[in-house]
There are 2 protein chains.
Amino acid sequence: MTEKIPTIQDVARIAGVSTATVSRVLSAPDMVRARTRERVTDAIESVGFTPNMAAQSLRRRRVKTVLVALPNIGNSFFGPIVDAIERACTERGYDVLIVNRRPDSSDDASLLSYFNSNRADGLLLFDGSTSRSNWSARVGNRELAFPTVNVCELIEGGGLPTVLSDNEGGVEMAIDYLVRMGHRNIGRVAGPEENVLNRQRGLGYAKALKRHGIDPGLQWRHAGPFGFQTGHDAARRFVELADKPSAVFCDADEIAIGFISELHAHGLTCPNDVSVMGFDDIPFAAQSSPPLTTIRQQHKQLGRLAAELLMDMLEGGLQGETAHVVLACELVERQTVRAIAPTQT
Amino acid sequence: MTEKIPTIQDVARIAGVSTATVSRVLSAPDMVRARTRERVTDAIESVGFTPNMAAQSLRRRRVKTVLVALPNIGNSFFGPIVDAIERACTERGYDVLIVNRRPDSSDDASLLSYFNSNRADGLLLFDGSTSRSNWSARVGNRELAFPTVNVCELIEGGGLPTVLSDNEGGVEMAIDYLVRMGHRNIGRVAGPEENVLNRQRGLGYAKALKRHGIDPGLQWRHAGPFGFQTGHDAARRFVELADKPSAVFCDADEIAIGFISELHAHGLTCPNDVSVMGFDDIPFAAQSSPPLTTIRQQHKQLGRLAAELLMDMLEGGLQGETAHVVLACELVERQTVRAIAPTQT
DNA sequence: CTGTTAGCGCCTTCAA
DNA sequence: TTGAAGGCGCTAACAG
């Protein structure tokens with residue numbers, strides 16, 4: 001029944017050659033005479049030989065595997081990105097290992113162990129917690145040896161190659177748009193305080209407001225983790241507000257959608273009572289009612305570029321600088337923003 | 001800078017013991033005298049030793065890795081399930097490898113190669129295409145040797161252990177509920193024809209309708225792949241209907257949400273003009289406007305049970321029968337279904 | 001309780 | 001162009 005899995009030895013025996021020749025046929029076919037090569041190929045075919053990756057990895061010291069460390073696989077924002085990563089990796093023969101990054105303390109060590117134990121050659125790291133300053137502290141030690149690319153978020157001062165969106169510019173774009181639509185009292189529901197994205201987006205928010213002569217410090221603000229819940233919380237506080245902003249920018253689509261949803265539960269509607277914008281353009285943004293006006297990140301590109309950059313590094317490219325790729329965002333106008341006649345605050 | 005990664009030899013040398021002893025400390029500590037053990041532990045600590053998994057796998061013939069093959073990572077339905085799988089696996093020291101299952105032909109072979117090449121010990125397979133009858137054909141050959149658990153969907157006649165929801169019962173529950181709310185003209189937007197889920201859910205749909213004296217054959221129906229697009233298409237056809245059903249059951253939440261969204265674009269509203277139900281209870285279902293009434297699958301449980309079943313198999317449990325786990329669904333009443341006075345069709 | 005030994009399957013000099 | 005041989009790092013008998 002369960003026949004033994006064929007090894008390179010079996011192939012060699014059947015083809016009447018040495019294992020070295022079989023190995024060459026696989027990794028350097030040109031070194032083998034055509035006739036020999038054909039016999040070997042046939043033998044491989046006939047027994048259905050697949051190189052044992054454990055053995056191969058042990059010899060070659062690389063496993064052709066990329067580790068993807070996410071804060072939360074369940075978050076729909078990551079779906080398309082992981083999809084793109086998987087595609088790019090598969091194309092180049094790499095496997096994709098997924099781990100959920102728990103906030104738990106000593107997690108860094110466990111990520112590193114993937115490298116030390118030869119389970120992954122490189123790391124695609126989604127991590128934006130500034131509190132994790134320890135990562136950068138390790139740079140210069142052996143830790144640096146784990147080829148890593150920051151994706152979407154980044155560890156400031158970590159000195160790692162990075163692929164992310166122009167968060168600051170994206171938010172500016174959002175605010176500019178809201179102002180153009182007549183809004184001058186623009187609240188914000190921010191992401192988690194300890195996250196770089198929160199900072200970057202906050203910068204864009206403040207910068208754009210100032211440019212339009214609006215004091216960012218005077219605007220309503222709420223912050224919390226990325227997710228619906230933060231939107232709910234914000235909405236519950238919003239409805240109590242005496243002087244309500246006419247528009248609210250949310251740091252993430254999930255927050256925006258949660259915000260609108262909870263608003264509805266309280267009898268307010270968007271965009272009649274408030275205009276709302278999100279950030280990300282997750283697949284659901286276009287489906288929610290009303291469809292969400294938002295800033296699009298290039299999910300697919302982010303994933304693909306990060307993966308390719310990492311694989312290039314693994315294969316010896318990237319001799320020079322530390323790459324830092326910033327992708328532009330795009331305004332997606334849908335129906336959660338209403339034009340109003342400018343009033344004073 | 002990049003110091004050499006320590007091996008078991010280094011540890012042995014430092015601790016003044018043989019590599020065998022170090023190995024024992026790691027896998028069978030009780031076999032080692034306490035004092036020796038401590039010396040070894042210290043040595044391990046001091047050099048930061050982590051066993052090389054490639055070497056370990058080569059010897060042990062197992063890689064402690066589970067392969068998860070999804071039809072579409074991007075689909076938000078899978079998020080929570082993959083999350084649960086990853087949790088369960090991590091708890092027991094398994095890694096999770098992810099592949100997107102492309103509909104491309106000979107994909108089966110590539111999945112098998114994960115086993116043959118010793119990259120994964122077992123497979124969690126999300127596949128419900130009945131056209132894929134070849135998989136079952138292989139059972140009995142070496143193919144069977146790849147320990148596999150079907151999740152959510154299943155390959156009929158594949159004879160593989162399976163973990164899924166009671167799809168038939170779930171849909172019955174939905175229809176019963178709609179009837180209870182006064183609906184007797186109940187359309188359906190189905191999933192892809194070639195998918196088992198479509199069949200199972202169709203069975204429940206027909207069964208429940210018949211039980212209530214309604215002819216399933218007379219109801220409006222539309223089918224398409226799981227995803228928003230199918231909901232859109234269905235809605236565009238729906239608005240043209242002369243005799244509109246008062247309620248529509250959708251085979252998936254994404255379909256339902258797409259349906260409602262497109263309905264709105266055509267000036268119809270839910271539940272005033274139509275009542276709509278979905279299936280799955282994806283995270284967004286609760287956030288959409290209006291919040292979606294749906295049938296909940298136990299995502300976390302599905303993922304966890306499947307993973308544990310597989311790991312049990314890998315570790316020698318499951319000597320006996322082929323497990324077939326069916327989880328109950330649950331009705332989640334929200335706001336997309338309206339009670340109406342019963343009328344005749 | 002601990003050490004010695006012999007590979008797991010593959011790649012890669014080094015010779016022929 | 002091909003083969004022989006050694007070893008990657010670890011584990012699992014088998015001795016002691």
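Naming: A, B, ... by sequence-line order, numbering from 1 per chain.
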Contacts of A:Leu58 and B:Ser18 projected onto DNA chain C by closest heavy atom; the upstream (5') one is B:Ser18
* To do: Would you classify A:Val22 as touching base, sugar-phosphate or nothing, given that sugar-phosphate means primed atoms plus P, OP1 and OP2, and contacts are heavy atoms under 4.0 Å?
  => nothing
Between A:Asn75 and A:Asn72, is there a donor-acceptor pair closer than 3.5 Å when you use the side chain of the first and the backbone of the second? no
Query raised in the report: Taking only side-chain nitrogens and oxygens of A:Thr21, does any of them come within less than 4.0 Å of OP1 or OP2 of D:dG3?
Result: yes
Would you kindly check whether a donor in the side chain of A:Arg59 faces an acceptor in the base of C:dC10, or vice versa, at under 3.5 angstrom?
no
Considering every strand and a 4.0 Å limit on heavy-atom distances, what is the contact class for A:Ser23: base, sugar-phosphate, or nothing?
base
>> Using a 4.0 Å heavy-atom cut-off, does A:Val17 contact any base of the nucleic acid, only the sugar-phosphate backbone, or nothing at all?
In response: sugar-phosphate
ask   = So, B:Ser57 versus B:Arg119: side-chain donor-acceptor pair below 3.5 Å or not?
value = no
In whole angstroms, the gap separating C1' of D:dC8 from CD of A:Gln56 amounts to 13 Å
Requested in this report: Can you establish whether the number of heavy atoms outside A:Glu38 located under 6.0 Å from its atom CD is more than 12?
Outcome: no
inquiry  = Between A:Thr162 and A:Leu160 (side chain of the first, backbone of the second, donor and acceptor by atom type, cut-off under 3.5 Å), is there such a pair?
reply    = yes
Between CZ of B:Arg37 and C1' of C:dC1 the distance, given in whole Å, is 11 Å
note: B:Arg61, atom CZ; C:dG9, atom C1'; distance rounded to Å ~ 9 Å
In whole angstroms, the gap separating C1' of D:dC8 from CG of B:Asp10 amounts to 13 Å
As a check of understanding: the bend across the helix from C:dC1-D:dG16 to C:dA16-D:dT1, end axes from five pairs, rounded to 10 degrees, works out to 40°
- Hey, is B:Asp30 close enough to B:Arg24 for a salt bridge, meaning N to O under 4.0 Å? no
Rounded to whole Å, the CG-P distance (A:Asn52 to C:dG7) equals 18 Å
Here the distance between atom P of D:dG9 and atom CZ of B:Arg24, to the nearest Å, is 21 Å
Between CD of B:Glu38 and P of C:dC1 the distance, given in whole Å, is 16 Å
Problem - Main-chain N/O of A:Thr19 paired to A:Ser23 side chain as donor or acceptor, under 3.5 Å - result: no
Here the distance between atom P of C:dG9 and atom CZ of B:Arg60, to the nearest Å, is 16 Å
Side chains of A:Tyr114 and B:Asp95, donor plus acceptor under 3.5 Å
yes
